[in-house]
Amino acid sequence: MKHLSKLNFDQRCYEILKQVPAGKVTTYKAIAEALNSKAYQAVGNAMNRNPNLIDTPCHRVVNSRGELGNYVLGCEKKRQRLEAEGVLIENGRLVNFDEICLTSLKPLS
DNA sequence: ACATTGACAATTA
DNA sequence: TTAATTGCCAATG
């Protein structure tokens, strides 16, 4: 991550996502808006073509209704990963969504 | 709750 | 290269 100007859309999504710490989540919408775009679905696509599950915690991205959304390894896996980070989920929905969701992510320079 | 419409990058043809 | 298709979505009807 040196020359941000040469990062493509996907890579920018990943950079934004790195701002989200364990135990918290964000939404596809928030990421798109941090990129000054409405490409919500494109953000999801970026996650889907899987970069690196280790430094790109795609499981911390949920949809704007506080539901899990989809996941490359299946939504049950996503739930497990989130619960392992202390995120409570009830019937596919984050219990304290409003508390732990980062809605305004900072754009990259 | 379901269907439609809108937006958009990457992939595929 | 351009056109069509796809997709971990969102807002609206």
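Chain naming here is simple, since letters A, B, ... match the order of the sequence lines and numbering starts at 1 in each. What's counted below: heavy atoms across the whole structure, side chains too, no hydrogens, waters or symmetry copies.
No single ILVMFWY cluster, assembled from side-chain heavy atoms under 4.5 Å apart, contains both A:Tyr71 and A:Met47.
Counting only heavy atoms from C-beta on, A:Asn8 has its side chain closest to B:dA10 among C:dA11, C:dC8, B:dA10.
Note: CG (A:Asn50) to P (B:dA9) measures 21 Å, nearest angstrom. The distance from atom CG of A:Asn70 to atom C1' of C:dC8 is 5 Å, rounded to the nearest whole Å. Atom CG of A:Leu82 and atom C1' of C:dC8 are 12 Å apart (whole Å). Taking atom OH of residue A:Tyr28 and atom C1' of nucleotide B:dA7, one finds them 17 Å apart after rounding to whole Å. Remark: P of C:dC8 and CD1 of A:Ile31 are 15 Å apart, rounded to the nearest angstrom. In this structure, A:Asn63 places its CG atom 17 Å from C1' of B:dA7, rounding to the nearest Å. Distance CG (A:Leu94) to P (C:dC8): 19 Å, rounded to an integer number of Å. Computed from coordinates, the A:Leu17 CG to C:dC8 C1' distance equals 12 Å when rounded to whole Å.
Contact check, A:Thr27 against C:dC9: no side-chain N or O comes under 4.0 Å of OP1 or OP2.
Within a 6.0 Å sphere centred on CZ of A:Arg65, other residues, nucleotides and ligands contribute 12 heavy atoms or fewer.
With A:Glu83 contributing its side chain and A:Gln80 its backbone, the two residues share no donor-acceptor pair below 3.5 Å.
Nucleotides C:dC8 and B:dG6 are separated by 22 Å at their P atoms, to the nearest Å.
A:Cys58 comes within 4.0 angstrom of a base, heavy atoms only. Among the heavy atoms of the strands, none lies under 4.0 Å from A:Arg65.
If you take CZ on A:Arg49 and SG on A:Cys58, they are separated by 12.0 Å, rounding to the nearest 0.5 Å.
Counting Ile, Leu, Val, Met, Phe, Trp and Tyr side chains that sit under 4.5 Å apart, directly or through other members, A:Ile100 shares a hydrophobic cluster with A:Val25, A:Val62, A:Leu68, A:Leu82, A:Val87, A:Ile89, A:Leu94, A:Phe97.
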Please output the side-chain donor-acceptor pairs of residues 33-46 of chain A that fall under 3.5 Å, not counting sequence neighbours, one pair per line with the distance.
from: A:Ser37; atom 1: OG; to: A:Ala39; atom 2: N; distance (Å): 2.9
from: A:Asn45; atom 1: ND2; to: A:Gln41; atom 2: O; distance (Å): 3.4

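Classification of A:Glu15 and A:Lys18 as a salt-bridged pair holds, one side-chain N sitting under 4.0 Å from a carboxylate O.
In the region residues 37-46 of chain A, proximity to DNA chain C at under 4.0 angstrom, judged on heavy atoms, holds for A:Tyr40, A:Gln41, A:Ala42, A:Gly44, A:Asn45.
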